[in-house]
S.K.: 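Attaching a single structure in structure tokens format; questions to follow.
Source: prediction; values computed, not measured.
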Amino acid sequence: MSETYKLKWTKNAKDDLLNIVAYIKKDSPSIANDIYQKIREKAHSSNFFPLKGRVVPELQKEGITFYREVVATPWRIIYKVGNDTVYIMAILDSRQNVEELLLQKLLKG
């Protein structure tokens, strides 16, 4: 029997998702909605087997191993697991400088 974890979105992750959708919506509202659903579904999949997601490579090389990720191409959904809860921490566009974004989002706030 597999345990289902609670899923909590941080304000930072919610803002990331809303900003992605708002940007895409300028050109295509229907595609923006599809992407919103794709990211939400992928994030929710992390609450069934949260340790299945890989450790974030850019952080792992710095010795930080408690952040994991699942990918909804091209977005990387960064999360951490605490007791019975999966915390969605950030949604990053893998086409950008992910290392810089991670430092800004996860280590400073």
Side-chain angles (χ1 to χ4, degrees):
M1 183 166 94
S2 71
E3 177 182 352
T4 299
Y5 288 70
K6 295 176 198 160
L7 187 69
K8 298 216 181 230
W9 287 71
T10 63
K11 181 182 180 335
N12 188 48
K14 287 178 189 176
D15 289 347
D16 288 345
L17 181 56
L18 292 176
N19 289 337
I20 290 167
V21 171
Y23 181 78
I24 295 168
K25 193 175 185 177
K26 293 176 193 173
D27 292 327
S28 177
S30 64
I31 290 175
N33 185 54
D34 291 346
I35 289 175
Y36 174 83
Q37 294 300 329
K38 175 183 175 180
I39 292 172
R40 297 267 311 170
E41 286 173 19
K42 193 67 166 186
H44 284 284
S45 74
S46 69
N47 73 334
F48 292 106
F49 301 105
L51 299 179
K52 194 172 183 177
R54 73 177 182 174
V55 173
V56 178
E58 294 86 351
L59 296 176
Q60 186 174 24
K61 71 182 183 183
E62 300 299 326
I64 301 167
T65 59
F66 52 89
Y67 290 107
R68 296 185 169 271
E69 70 179 356
V70 291
V71 177
T73 307
W75 295 279
R76 294 168 64 179
I77 302 163
I78 312 297
Y79 66 94
K80 69 178 181 178
V81 181
N83 296 327
D84 65 345
T85 305
V86 172
Y87 298 91
I88 304 297
M89 304 299 294
I91 313 294
L92 305 175
D93 185 331
S94 63
R95 299 167 290 191
Q96 295 178 319
N97 182 338
V98 173
E99 195 161 357
E100 183 178 314
L101 290 171
L102 284 168
L103 290 172
Q104 291 172 359
K105 291 180 178 291
L106 301 177
L107 301 179
K108 292 183 182 176

S.K.: Any non-hydrogen side-chain atom of L51 less than 4.5 Å from a side-chain atom of V81?
M.R.: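 L51 vs V81: side chains touch.
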S.K.: Rounded to the nearest 0.5 Å, how far apart are CE of M89 and CD1 of I78?
M.R.: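 M89 CE to I78 CD1: 10.0 Å, rounded to 0.5 Å.
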S.K.: Sequence neighbours left out, what passes side-chain contact (heavy atoms from CB on, under 4.5 Å) with K38? Give chain and number order.
M.R.: A72
S.K.: Can you pull out every side-chain hydrogen bond (donor to acceptor under 3.5 Å, both in side chains) where at least one residue sits in residues 14-23? Sequence neighbours excluded, please.
M.R.: K11-D15, D16-K105
S.K.: Assigning hydrophobic clusters by single linkage (Ile, Leu, Val, Met, Phe, Trp, Tyr; side-chain heavy-atom cutoff under 4.5 Å), is F66 placed with L59?
M.R.: yes
S.K.: Could you measure the distance from the CD atom of E58 to the CD1 atom of I64? Nearest 0.5 Å is fine.
M.R.: 11.5 Å
S.K.: For R40 and W9, run side-chain contact (heavy atoms from CB on, under 4.5 Å): C-alpha distance rounded to whole Å, both residues' side-chain angles, the deciding distance at 0.1 Å, then the answer.
M.R.: CA-CA 10 Å; R40 297 267 311 170; W9 287 71; 3.6 Å; yes
S.K.: Determine the minimum heavy-atom distance between Y36 and V21, stating which atoms define it.
M.R.: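 Closest heavy-atom pair between Y36 and V21: CB-CG2, 3.7 Å.
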S.K.: Write down the atom of A90, the atom of A13, and the distance for their closest heavy-atom approach.
M.R.: N-CB, 3.8 Å
S.K.: Taking side-chain contact (heavy atoms from CB on, under 4.5 Å) as the definition, give me every residue that meets it alongside S45, ordered by chain and number, with sequence neighbours left out.
M.R.: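 Counting only residues at least two positions away or on another chain, S45 forms a side-chain contact (heavy atoms from CB on, under 4.5 Å) with K42.
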S.K.: Counting only N and O atoms by type, is there a donor-acceptor contact under 3.5 Å from the side chain of R68 to the main-chain atoms of G53?
M.R.: yes
S.K.: Would W75 and D93 count as a side-chain contact (heavy atoms from CB on, under 4.5 Å) here? Give the steps.
M.R.: CA-CA 5 Å; W75 295 279; D93 185 331; 4.1 Å; yes
S.K.: Examine distances only and state if a side-chain atom of T10 and a backbone atom of I88 form a donor-acceptor pair shorter than 3.5 Å.
M.R.: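 Pair found, side chain donor or acceptor close to backbone of I88.
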S.K.: Under 4.5 Å between side-chain heavy atoms, counting indirect links through other Ile/Leu/Val/Met/Phe/Trp/Tyr residues: same cluster for I31 and L17 or not?
M.R.: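 I31 clusters together with L17.
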S.K.: Using modelled atom types only, decide if a donor and an acceptor are shared between the side chain of Y79 and the backbone of V70 within a distance under 3.5 Å.
M.R.: no
S.K.: Would you name the heavy atoms of S94 and P74 that are closest together and state the gap between them?
M.R.: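 Looks like OG-O, 2.7 Å.
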S.K.: Distance from I39 atom CD1 to I20 atom CD1, nearest 0.5 Å?
M.R.: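 CD1 of I20 is found 4.5 Å from CD1 of I39.
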S.K.: Return the NZ to CG distance between K6 and D84, rounded to the nearest 0.5 Å.
M.R.: 4.0 Å
